[in-house]
Amino acid sequence: MEKYLDKPGGIILKQAAIPAPGKSAYTAQYLAGIEEKCRTEYTPPDTIAVYFFFADSRYAEDTNNSKVLGVAYRNTSMALFEHTICGMSGGIGQPDRTKLESVVMQHELGHILGLVNAGTPIQQNHQDAPHGWHCDNSKCLMHYTVETGSVVQNLLGGYTPVLDQNCINDLKTSG
Ligand SMILES: [Zn+2]
Ligand SMILES: [Zn+2]
């Protein structure tokens, strides 16, 4: 955030815990229901408030072949599926947990900032349209594999995805 956002007034993080909802999987609708009950900060003029929910379970739309690690389900709301993230990190032969979690969080924040072509206009075509609002560069933080767990291979290889020049250019144009 400090690297890419123009926030001279600073960035404030507030953390809070809620009782475990006891769900074996979360739908986007259920996530939105929790948010309505427990979110405290919204976006007043001249400020953006972003809500990160660290879910204790998996996403309801997971399949055998594709596990969702995070989702930006509203314009300033994201969820990270900690059960899935923890299952893919921190063990023998797995990437560092903080690294995987950070990369997924940064990717979802990218969506909230309008990447790719999701509110922030693209300057040069680099949208991987078959995969939605994602970047076509497999090394980019906004590649679709970052939120599906395929990113784990990259992390094990020692490569941590960052925004590529096309995504940086899009953000710059939006200020
Ligand atoms: Zn994504
Ligand atoms: Zn990109």
Side-chain angles (χ1 to χ4, degrees), residues 1-6 25-32 34-35 43 48-55 57-89 94-175:
M1 289 188 212
E2 282 170 351
K3 186 167 180 185
Y4 292 114
L5 303 182
D6 181 17
Y26 289 87
T27 61
Q29 196 184 11
Y30 193 79
L31 289 167
I34 296 174
E35 181 180 0
T43 296
I48 180 173
V50 179
Y51 167 89
F52 300 70
F53 182 70
F54 296 84
S57 179
R58 62 179 186 85
Y59 193 40
E61 290 174 33
D62 278 356
T63 65
N64 283 339
N65 298 324
S66 172
K67 309 284 182 221
V68 176
L69 303 185
V71 63
Y73 62 95
R74 278 183 174 172
N75 61 341
T76 62
S77 314
M78 75 169 78
L80 285 104
F81 300 101
E82 290 295 323
H83 182 78
T84 313
I85 291 172
C86 290
M88 288 185 183
S89 62
Q94 292 182 326
D96 180 74
R97 183 161 298 163
T98 307
K99 191 177 273 189
L100 179 61
E101 189 179 56
S102 301
V103 160
V104 176
M105 213 184 313
Q106 289 167 11
H107 175 102
E108 300 312 328
L109 190 64
H111 285 312
I112 286 172
L113 297 174
L115 296 175
V116 171
N117 206 16
T120 287
I122 45 176
Q123 301 308 301
Q124 224 180 68
N125 188 27
H126 64 106
Q127 184 183 4
D128 176 13
H131 292 109
W133 293 275
H134 289 113
C135 181
D136 61 6
N137 180 351
S138 64
K139 296 275 180 200
C140 180
L141 177 67
M142 295 313 295
H143 195 249
Y144 77 96
T145 51
V146 172
E147 71 191 356
T148 62
S150 315
V151 72
V152 162
Q153 290 309 319
N154 273 342
L155 294 176
L156 284 175
Y159 180 74
T160 304
V162 290
L163 290 177
D164 69 351
Q165 199 56 50
N166 276 329
C167 285
I168 293 170
N169 291 346
D170 293 354
L171 288 182
K172 272 193 181 149
T173 309
S174 288

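Read the numbers this way: they start at 1 and go in the same order the structure lists the ligands and their atoms. Quick caveat, the model's predicted, so the values are computed rather than measured.
- If you look at D164 and ask which of its N, O or S atoms sits nearest the Zn ion (ligand 2), the answer is OD1.
- Side-chain contact annotation: E35 with S77, donor-acceptor N/O pair under 3.5 Å present.
- The nearest N, O or S atom of C135 is closer to the Zn ion (ligand 2) than 2.8 Å.
- Taking the Zn ion (ligand 1) as the corner point, the angle from H107 atom NE2 to E147 atom OE2 is about 120° (rounded to 10 degrees).
- For the residue pair N117 / Q127, a side-chain donor-acceptor distance below 3.5 Å is found, with atom types taken as modelled.
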Item to complete: Begin from the C-alpha positions of H134 and H111 and carry the test side-chain hydrogen bond (donor to acceptor under 3.5 Å, both in side chains) through to its verdict.
Response: CA-CA 9 Å; H134 289 113; H111 285 312; 3.2 Å; yes
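- Geometry about the Zn ion (ligand 2) gives an angle of 110° between SG of C140 and SG of C167, rounded in steps of 10 degrees.
- With Y59 as the aromatic partner, K67 does not meet the cation-pi criteria of under 6.0 angstrom to the ring centre and within 45 degrees of the ring axis.
- In this structure, the side chain of D170 does not engage the main chain of L115 through any donor-acceptor pair within 3.5 Å.
- Draw a line from the Zn ion (ligand 1) to NE2 of H111 and another to NE2 of H134, and the angle between them is 110° (to 10°).
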